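First the structure, in the form of structure tokens, and then the observations on it.
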Amino acid sequence: MRDQVTEFPARTEAETHTVSCSVNGAGYQSAVDPRMTLADFLREKLRLTGTHLGCEHGVCGACTVIVDGAATRACLMLAVQADGAAVETVEGLASDGELAPLQKAFKRNHALQCGFCTPGFLMSVTAALREETVTGEEQAREVLSGNICRCTGYTGLVKSVLEVAATRTGEEPAK
Amino acid sequence: MLIENSFDVAADADEVFAFLQDAHNVAACFPGAELVEDLGADAYRGKVKIKVGPVTAAYQGVAKIVEKDATARVAVLEADGKDTRGAGTAKAKATMRVTPAGEGAHVALETDLTISGKLAQFGRGIMSDVSGRMVGELASRVRQRIENGGEPPVVPVAAGTASGTATATAIRPVPTAAAAPQFTEAPPMKASVLIRIVLAGYLERWAERLRKSTEA
Amino acid sequence: MTETVVPDAAMIGRRMERREDERLLTGHGAYLDDLDLPDALAAAFLRSPHAHAKILSFDATEALALPGVVAVYSGADLPEIQKPLAPKVQHPQLRDYPRLPMPPEELHYVGEPLAVVIAESRYLAEDALELIEVDYEVLPAVSSTAVAVQEAGPKAHSGDETNVAVVLSQSAGDAAKALAGAPNVLSDEFFVMRGGGHSMEPRAVAARFEPATGQVTIWDGTQAPHYARQQLSVIYEMAEDDIRLIAPRDVGGGFGPKAQFYGEEVVIPWVAMKLGRAVKWIEDRQENFITAMMERSQTHRVEVGFDDDGRLIAVRDFVEHDQGAYCAGLQVPSITTSTVPGPYHVPNIAVELKACYTNMVPTSSVRGAGRPQAVFVMERMMDRIAEHLGLDPAEVRRRNLIQADEFPYKVGIMFRDGSPLTYDSGDFPALLEGTLERIGYDEARELQAKLRGEGRYLGIGLSVYVEGCGLGPYEGAKVRLTNKGRILVTLAAAGQGQGYETVYAQIAADGLGLDMEHIEVKTGDTSRIPFGQGTFASRITATCGPAVMDAAKQMRQRLLDTAAILLGCDASEVDFVGDKACLGGNLEKSVSLQQLAQTANIGKHGITLPRGIKAGLETSSYFSPERAAYASGAHAALVEVDPETGEIKILKYVIGHDCGNVINPMLVDGQVLGGFAHGIGNAMYEEPVYDVEGQPQAASYLDYALVSATEVPPVELFHIQTPSPLNPLGVKGAGEGGTIPAPAAIANAVEDALRPLKARVTRAPVTPARIVDAIAAAETAAETAGQN
Amino acid sequence: MKPARFTYHSPRSLDEALADLQGYGDDAKVLAGGQSLMPMLNFRLASFEHLVDVNRLGAEYAEPTFGDTRVTIPLLVRQRQLERSEEAARLLPVLTEALHQVAHPQIRNRGTICGSLAHADPAAELPSVLSVLDATFTLVSARGIREVSAEEFFLFHLTTSLEPDELLLQVSVPRPPANQFSSFREFATRRGDFALAGVAAVCEFDETGAVSACRISAAGVAPTPHRLTDVEALVTGARPGEDLWPEVEAAARAQVEPTGDIHASAEYRSRLTGVLVKRALTDTHEKLEASRA
């Protein structure tokens with residue numbers, strides 16, 4: 001809760017805010033420094049280290065997570081802003097040890113090498129495939145274009161998006 | 001980065017040159033600059049704050065007139081400062097040349113500016129526009145001050161300051177409030193009330209009326 | 001995909017999904033910043049804002065007073081570790097300047113570390129950086145090789161007389177004489193821009209000292225853990241066994257810059273030892289942009305002499321190489337000098353390279369390592385020869401290519417491994433023809449002619465290259481039967497995404513005759529294997545591969561011998577069925593791997609081993625190639641250029657690749673395609689621009705363009721396999737071949753497209769703005785010529 | 001790359017937000033989508049004593065309204081939201097077109113229209129588009145409310161006429177007449193990058209297919225979105241076609257004075273502006289023809 005503003009105090013040294021949010025369906029509550037980014041919150045407070053920091057200025061996409069259904073750069077959002085939000089991270093994609101179809105496709109198509117960018121790609125594509133149907137290669141490349149991979153040259157990634165999208169055709173887009 | 005700027009002043013060339021010799025005058029005209037201490041021997045400690053939107057850099061350092069030729073009316077000023085948050089440094093060498101031009105004087109200003117550190121690395125070409133604008137403002141204030149005499153208008157430190165234009169458009173009091181707003185106290189009216197009005201399309205209609213009345 | 005020719009291979013040559021993937025796909029990778037070091041302090045470095053400056057004063061009082069700050073050290077505070085980080089590749093004439101971990105006096109590039117803050121969190125450490133007061137005397141900076149070679153210009157190191165660090169020369173025949181007598185001579189100047197590695201995970205180091213054992217454990221996201229440990233053992237004056245250096249199981253890409261050794265790698269463990277606390281430094285992208293080593297920047301002034309049929313008579317190339325502020329190694333310039341002749345017969349050649357000091361971050365290898373520049377120059381000139389003679393560019397190449405029956409082919413100059421440049425195997429004409437066929441060369445030429453009539457500009461670019469790879473001195477592997485009865489393959493080499501855990505299990509499986517499921521691969525930990533070199537120069541498959549194969553074969557024999565004794569038979573009668581060694585394939589008469597471990601490794605306390613059994617089921621092997629192997633390839637690009645905007649559309653791209661035998665085709669394809677994307681970056685996008693003061697101007701991804709999926713075109717990739725005779729697996733390197741020829745192919749295609757407009761491409765990358773500017777320049781030149 | 005310390009405020013109403021802004025003045029910064037501000041904070045190019053996060057002001061600021069005469073976009077409308085709005089695509093297709101080209105979906109999911117406008121990056125798409133849409137910017141503070149035009153709003157790189165205590169409450173544009181057609185054309189180094197140059201054009205056509213009125217603005221070639229009034233004058237009354245282009249391109253080139261930088265020379269940017277004007281006008285004309293076919 002926000003304090004009542006009656007006067008305008010100078011910045012305080014150890015101001016913390018409480019964040020309550022759900023991550024991959026589990027509830028968390030934690031006191032955070034307001035300047036902590038969502039990415040650092042996930043990594044350091046919750047020890048969900050699958051969300052990676054590659055550039056911290058919103059371009060590489062390695063930190064992409066899904067916040068309230070929308071793919072979001074976790075480096076460009078403060079943890080305090082996630083108060084009350086439902087966050088999905090790469091750790092939540094597989095269920096009961098079974099890889100999700102997109103994860104399987106990545107593996108099958110050698111869509112990852114060093115794997116550092118992979119969680120971001122998985123989350124971006126997961127969100128995109130819920131929102132829209134992807135039909136052609138050009139569209140698949142569009143869907144991938146908000147993330148950078150230095151290893152693979154994108155061939156396996158494009159193939160994975162197309163394969164998984166094909167199985168979704170006719171499927172009701174998830175809410 | 002070399003920035004060239006020149007302007008004419010309706011004043012005698014010697015008078016203009018003399019004006020530019022006084023560091024207090026120059027500091028007063030330089031956007032965001034402040035003289036902190038006279039170190040003697042034409043050297044001064046000072047501050048310059050550059051602000052471009054959310055990006056700010058505050059430099060502290062020393063400026064010194066290193067060359068002065070009253071006959072040729074040429075002066076060279078060197079300034080060297082570092083960012084107070086350790087993000088880099090700024091260095092400038094400004095050469096001023098005043099020549100008579102008709103009734104008045106022509107001032108040629110050549111500034112060699114070197115910015116190091118973060119601001120230089122993330123400029124996306126902005127820094128040259130920013131520097132050009134700062135020098136341009138300096139020029140216009142010098143002219144204004146010499147021509148009008150006395151103090152220059154109080155201008156905020158920001159490069160690309162908003163105030164000039166902002167004051168040109170009037171702030172309307174809340175349309176539903178009959179009385180003039182009391183700015184000294186808490187907001188005169190709950191803005192939320194106002195906004196509900198706005199969202200209800202009131203303002204749209206109101207603005208339309210305004211437009212019609214100005215067209216008429 | 002062609003199958004491998006390695007005999008009896010069950011696993012080698014098979015397209016295998018990777019063992020690494022499951023953890024990486026589920027967010028359970030173990031990159032350095034993911035490791036649990038709960039008590040670790042965070043480090044942040046104060047870096048020079050100037051390209052060249054003296055430190056006049058340093059004051060960290062305010063920073064130290066900030067709550068949460070544990071320590072601040074300047075270079076002067078740590079004199080015991082201010083020792084030179086030696087160049088990786090030396091030269092007797094090199095005028096070396098010591099590269100210190102944190103120079104206490106003079107700084108030579110923007111980003112050079114001069115102090116470190118240790119704090120409770122990275123946030124606080126960065127707060128403290130802002131509070132450190134440093135006074136500098138700014139010195140004139142050398143911001144390009146063009147400035148560096150000016151005699152009266154500024155010097156990168158104060159008080160020096162020249163910026164030339166060393167001159168490297170190579171020659172065969174008499175190029176000057178041959179040029180003088182050649183019927184046709186063309187010359188031009190080409191510039192290749194700097195480019196970075198840009199691994200998605202930046203560099204990282206963490207360390208913890210164990211007072212109880214006197215050992216320091218260092219986690220380092222390096223490509224070369226043993227090399228780093230060797231350097232540290234010298235600098236720290238510690239026994240190498242007291243330094244355990246681990247490249248984490250997962251490292252987020254390398255591409256060369258992580259094969260180098262940096263000051264941060266010296267400072268962090270030392271500070272951890274000083275403080276008795278774990279300390280972690282994660283390089284952020286801002287730091288990575290200005291401090292991770294880069295490569296590429298070279299200016300070439302080349303002359304080629306050729307006969308009227310387009311056959312090369314002589315090549316002479318003068319090169320200015322940007323070494324950066326210090327010489328971190330001469331591998332890149334050295335490789336450039338030997339890559340110029342490429343796949344062609346060049347009877348007379350002379351290459352002279354000046355490696356120049358500049359006040360920019362030091363250069364070293366980045367994927368391609370000196371080769372893309374040389375290929376760019378040679379391939380641009382091939383096209384110019386064709387243009388000059390009115391010949392087809394493919395035909396000119398055909399006439400000059402070394403033929404398949406000429407191997408081993410001695411070029412006449414030296415390679416950087418210290419041996420004469422001798423191509424081991426290859427079939428360059430097959431690569432070229434295969435590429436032409438797949439791009440539909442003849443049809444493309446017809447289409448080009450037709451569209452030119454409609455005012456559209458299509459271009460075809462070709463590029464053929466040879467890549468020295470698989471360099472020595474050696475790489476090794478250990479194979480051990482663990483007490484649980486599993487096979488553990490240990491490599492010194494550390495991976496950054498190449499799939500070592502999969503590839504070396506495949507090779508070991510073939511050597512052992514066991515299923516991969518019994519085999520586990522561990523990499524990059526100096527405590528597990530004493531000797532190693534590192535992952536660089538596309539060398540691991542060709543050096544580590546044979547070592548693994550040999551150690552695995554030895555182990556197979558040891559296992560069978562041991563089993564034979566237990567089964568009371570001859571080893572030749574025993575073979576594996578699953579994890580059991582069976583007599584004549586009979587599971588009733590078998591011993592399991594676990595039993596073998598029980599017998600020969602665990603033993604019985606104080607009891608004599610059964611007669612004939614040798615204790616300790618462990619083998620090792622080190623493979624030293626007699627010289628480098630040479631991979632090769634050909635690229636073809638079909639592009640359309642919009643002369644109004646300068647936009648380049650890649651309509652089709654074909655890659656022909658030969659890296660000898662292939663262990664896992666899926667992973668080799670991945671290497672080539674990934675390398676290609678990097679090459680497209682170098683060809684069209686990546687420019688770490690420095691201004692005249694030596695300030696980096698493109699220090700974020702807003703200004704430095706890495707290619708995304710929309711910039712990389714689909715590629716048709718084919719392989720031919722000419723096995724290397726230099727190693728028992730017949731393999732060569734695959735990691736860089738995709739990158740090396742791409743800038744040349746694209747530049748050739750763009751200039752080919754714009755030929756009617758006479759616009760010249762002399763620089764990589766070629767960008768839309770430069771294309772339009774070049775067209776305008778050509779128009780102006782034509783107008784001027786018309787007036788004269 | 002961690003932001004410097006700040007005090008975080010998350011007002012739950014506009015009054016609270018405006019009170020915060022009035023109280024902290026120059027020391028406070030509004031945080032909306034944060035997709036431009038957060039990188040600057042992470043780089044420590046910018047730092048503020050106070051961040052006033054306006055994301056929780058309430059749902060009423062998060063929905064565009066398509067009124068009878070005007071379309072209004074309040075401060076919390078996300079870029080992605082408007083990009084996907086069918087109503088917006090129908091009424092303001094040029095905005096939808098431009099939004100497709102703003103960075104990437106992950107950025108647009110969080111980035112707001114008003115936030116991008118208040119950030120005032122002249123190379124960004126939205127400032128020039130809202131300029132040609134004849135937008136009205138509503139600036140509100142505890143002192144009151146005022147409306148300004150795009151020309152009054154955008155002052156310089158990253159600089160607007162917003163006073164420290166003011167908030168860009170909404171931007172609204174008139175509903176376009178049926179004879180209006182528009183286009184946004186930009187050229188960027190890579191998909192999603194800031195444009196080397198961009199052009200937004202809105203034209204009204206008369207019965208004969210001639211331009212009866214138009215507004216054209218260029219992005220990335222000046223410190224603010226740059227209205228190409230000379231081109232507008234040239235095009236008004238004319239029928240877009242081959243014979244017009246040389247003059248149009250020349251006029252466009254003459255009216256911009258871009259700065260050369262590491263990505264492109266000034267000369268290139270001028271030429272490119274001319275080319276993009278031509279292409280944008282061709283596109284509007286083709287849209288007109290398509291509508292009549």
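All of these numbers come straight from a predicted model, not from anything done at the bench. Chain A is the first sequence line, chain B the second, and so forth, proteins listed ahead of strands; every chain is numbered from 1.
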Part of A/Thr72 within contact of chain D (heavy atom distance under 4.5 Å): both
Residue selection (most heavy-atom pairs with chain D, distance under 4.5 Å) from A/Thr37, A/Leu53, A/Val80, A/Thr64: A/Val80
Any side-chain heavy atom of A/Leu78 within less than 4.5 Å of one from D/Leu51? yes
Can you see which heavy atom on D/Met1 is nearest to which on A/Glu56, and at what distance? O-OE2, 3.1 Å
Of all the heavy-atom pairs spanning D/Asn42 and A/Cys75, show the shortest one and how long it is. ND2-O, 3.2 Å
Please walk me through it: do A/Asn147 and D/Gln106 pass side-chain contact (heavy atoms from CB on, under 4.5 Å)? CA-CA 9 Å; A/Asn147 294 68; D/Gln106 298 92 329; 2.9 Å; yes
The interface call for D/Arg80 against chain A, heavy-atom contacts under 4.5 Å, is side chain
Angle class for the D/Phe43/A/His57 ring planes (parallel below 30°, perpendicular above 60°, tilted otherwise)? tilted
Show the nearest heavy-atom pair for residues D/Met38 and A/Leu76, with the distance to one decimal. CG-O, 3.4 Å
Crowded around A/Lys159 NZ? As in, over 12 foreign heavy atoms under 6.0 Å? no
Taking all heavy atoms of D/Ile107 and all of A/Gly58, pick out the closest pair and write down the distance. CD1-O, 3.7 Å
Atom pair CG/CG of D/Asn55 and A/Asp83 - distance to nearest 0.5 Å: 12.5 Å
Begin from the C-alpha positions of D/Lys2 and A/Asp40 and carry the test side-chain contact (heavy atoms from CB on, under 4.5 Å) through to its verdict. CA-CA 10 Å; D/Lys2 309 296 181 191; A/Asp40 281 339; 2.9 Å; yes
Report which part of A/Ile66 has an atom under 4.5 Å of a heavy atom belonging to chain D: side chain, backbone, both, or neither. neither
Can you say whether D/Leu31 sits under 4.5 Å from chain A via the side chain, the backbone, both, or neither, judging by heavy atoms? side chain
Counting only heavy atoms closer than 4.5 Å, note whether D/Arg78 contacts chain A via side chain, backbone, both or neither. neither
A/Met36 portion near chain D, given a 4.5 angstrom heavy-atom threshold: neither
Side chain proximity check, D/Leu41 to A/Arg35, heavy atoms < 4.5 angstrom: no
Contact part of D/Leu37 toward chain A, heavy-atom cut-off under 4.5 Å: side chain, backbone, both or neither? neither
Stepwise side-chain contact (heavy atoms from CB on, under 4.5 Å) test for D/Arg110 and A/Gln81: CA-CA 11 Å; D/Arg110 202 153 170 83; A/Gln81 295 184 296; 3.4 Å; yes
Atom CD of A/Glu138: over 12 foreign heavy atoms under 6.0 Å: no
Please test D/Phe6 against A/Glu15 for side-chain contact (heavy atoms from CB on, under 4.5 Å), starting from the C-alpha separation and ending with a verdict. CA-CA 9 Å; D/Phe6 52 78; A/Glu15 182 204 26; over 6 Å; no
Side chain, backbone, both or neither: which part of A/Val59 has a heavy atom under 4.5 Å from chain D? side chain
